[in-house]
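Quick note: numbers below take in every heavy atom, side chains included, and nothing from hydrogens, waters or symmetry partners. Residues take their numbers from the sequence shown, with the count starting at 1.
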Amino acid sequence: MAATMVKLALPHHFFPQIQEPNFRSITKEPIKPTNRAHLGKNYSHCRSKNGSFSTMSENKNGKIRRLIEEFKPEIPIEEAFTPPSSWYTDPDFYSHELDHIFYTGWHPVGYTDQIKEPRDFFTGRLGSIEYVVCRDEEGKLHAFHNVCRHHASLVASGTGKSSCFVCPYHGWTYGLDGKLVKATRITGIKNFKANEMGLVPIRVAAWGPFVLVNFEDGATPNEILDNKTVSSEWLGSAAEVLSANGIDSSLDYVCRRVYTLECNWKVFCDNYLDGGYHVPYAHKGLASSLKLGSYSTEVKLLSKLVLVFIIFKY
């Protein structure tokens with residue numbers, strides 16, 4: 001029996017040319033709030049010795065550049081070393097990863113079986129972003145930042161079926177289309193526009209059995225995403241391989257279990273990227289049923305990620 005395992009490696013766009021801070025373009029005007037949920041960047045202002053203003057994000061650029069330059073992705077794999085330890089321990093580097101890996105592009109967050117019927121929903125968290133995915137009364141798929149627009153409480157938890165989302169703090173109520181349908185005790189409040197206070201939408205799509213979200217750019221009303229476009233953006237050249245060999249459509253979703261791993265996320269990924277190197281020693285029972293000598297590795301460059309395909313037979 002043959003199988004294909006798809007492994008995550010470092011994204012190609014993870015090695016950007018970080019621009020020097022352009023102090024001439026920075027004004028002394030305060031940053032205006034927006035309707036979009038913030039994605040984890042720290043934009044606190046600070047004053048430099050010469051009196052000009054910069055941001056905390058800009059001050060970290062030099063440090064992040066140095067950390068990235070410690071690793072040379074163009075070196076042939078036969079000559080390469082593992083990434084430096086700072087990539088696994090530095091909090092600023094982790095923040096950079098969130099912005100350039102997890103808060104860009106499409107990410108699988110659930111299964112279509114979890115939202116088969118109208119009013120089904122499930123929640124989750126990616127990085128520091130809480131989200132809720134649901135189907136409205138008409139069966140349309142939606143995703144929103146799971147944050148009340150009033151005092152930022154979560155409006156949904158776990159999975160289930162519901163006709164609306166109610167904030168447990170002050171009772172603000174949202175429809176499954178994200179619209180604010182009830183805000184308690186706001187009579188007399190000036191300049192309050194209920195149609196501008198709905199849940200902040202997230203781009204969402206279904207590909208095969210997977211539900212995907214994309215935190216970039218925000219969703220637009222009545223947006224219809226072409227399956228081929230989503231497939232190309234998410235998987236690139238690997239889409240055809242996965243469509244043909246990577247998905248077993250006979251499987252049904254049963255339940256979800258969450259395991260907390262006390263390690264940097266890359267440590268867990270590294271375990272799967274050694275082509276079975278650890279299997280004979282860490283998983284002797286599994287090794288007895290595999291033909292480890294048949295392992296071969298292919299690297300596929302995608303628009304967003306580099307995937308390593310480990311092809312094996314057993």
Side-chain angles (χ1 to χ4, degrees), residues 5-23 25-26 38-46 48-49 52-107 125-129 214-216 233-238 260-279 281-282 295-310:
M5 297 181 66
V6 183
K7 305 307 179 187
L8 173 67
L10 295 174
H12 184 255
H13 71 298
F14 189 67
F15 306 94
Q17 295 295 320
I18 301 177
Q19 298 179 351
E20 295 289 345
N22 183 0
F23 294 104
S25 66
I26 299 173
H38 214 277
L39 299 185
K41 293 181 179 178
N42 183 353
Y43 283 95
S44 301
H45 274 215
C46 62
S48 63
K49 291 182 179 179
S52 63
F53 282 82
S54 63
T55 66
M56 293 299 289
S57 292
E58 290 168 341
N59 289 342
K60 294 177 182 178
N61 279 353
K63 174 184 177 182
I64 297 300
R65 183 193 301 109
R66 289 192 297 272
L67 291 177
I68 291 175
E69 289 177 350
E70 290 179 23
F71 187 72
K72 306 296 183 183
E74 69 277 5
I75 294 177
I77 193 169
E78 295 82 5
E79 303 174 17
F81 291 90
T82 55
S85 60
S86 56
W87 283 33
Y88 297 81
T89 59
D90 189 279
D92 291 338
F93 194 81
Y94 176 63
S95 178
H96 181 78
E97 290 177 319
L98 289 178
D99 290 336
H100 289 80
I101 299 176
F102 296 105
Y103 297 158
T104 64
W106 292 98
H107 296 276
R125 177 176 176 171
L126 185 59
S128 61
I129 299 178
N214 186 330
F215 298 122
E216 293 181 289
E233 291 179 356
W234 180 37
L235 299 170
S237 61
T260 300
L261 304 178
E262 299 294 339
C263 66
N264 182 270
W265 68 276
K266 294 187 297 300
V267 174
F268 186 68
C269 291
D270 288 344
N271 178 69
Y272 286 89
L273 286 172
D274 67 10
Y277 192 32
H278 70 284
V279 171
Y281 311 98
Y295 270 62
S296 63
T297 301
E298 300 176 19
V299 177
K300 297 286 187 179
L301 181 61
L302 282 64
S303 58
K304 287 291 183 182
L305 297 175
V306 175
L307 293 183
V308 178
F309 290 83
I310 309 298

Hey, are the side chains of [X] and [Y] touching, using non-hydrogen atoms and a 4.5 Å cut-off?
| X | Y | answer |
| --- | --- | --- |
| Thr89 | Tyr94 | no |
| His107 | Asn214 | no |
| Phe215 | Ile129 | yes |
| His96 | Ile101 | no |

Pairing donors with acceptors under 3.5 angstrom, does anything connect the side chains of Glu97 and Trp265?
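There is such a pair (donor and acceptor under 3.5 Å, judged by atom type) between the side chains of Glu97 and Trp265.
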Distance-only donor-acceptor check, side chains Ser128 and Tyr103, under 3.5 Å:
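Yes, Tyr103 and Ser128 have a side-chain donor paired with an acceptor closer than 3.5 Å.
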Set of salt bridge (Lys or Arg N to Asp or Glu O under 4.0 Å) partners for Asp90, sequence neighbours left out:
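Asp90: salt bridge (Lys or Arg N to Asp or Glu O under 4.0 Å) contacts with Lys63.
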Of the non-hydrogen atoms in Lys266 and Trp87, which two are nearest, and what is the gap between them?
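So the two residues come closest at NZ-O, 2.7 Å.
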Enter the distance from Ser85:OG to Asn264:CG here, rounded to the nearest 0.5 Å.
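Ser85 atom OG to Asn264 atom CG measures 11.0 Å (nearest 0.5 Å).
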Quick check for you: to the nearest 0.5 Å, what is the distance between Glu70 atom CD and Phe93 atom CZ?
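Reported value, rounded in 0.5 Å steps: 9.0 Å.
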Is the backbone of Leu67 close enough, under 3.5 Å, to the side chain of Arg65 for a donor and an acceptor to pair up by distance?
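Side chain of Arg65 to backbone of Leu67, a donor-acceptor pair under 3.5 Å: no, none is there.
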Backbone N or O of Gly105 within a donor-acceptor pair of the Glu216 side chain at under 3.5 Å?
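Yes.
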CA sep, side-chain torsions, deciding dist, call: Thr104, Asp99, side-chain contact (heavy atoms from CB on, under 4.5 Å)
CA-CA 7 Å; Thr104 64; Asp99 290 336; over 6 Å; no
Kindly indicate, with the supporting measurements, whether the criterion side-chain hydrogen bond (donor to acceptor under 3.5 Å, both in side chains) is fulfilled by Tyr277 and Asn271.
CA-CA 9 Å; Tyr277 192 32; Asn271 178 69; over 6 Å; no
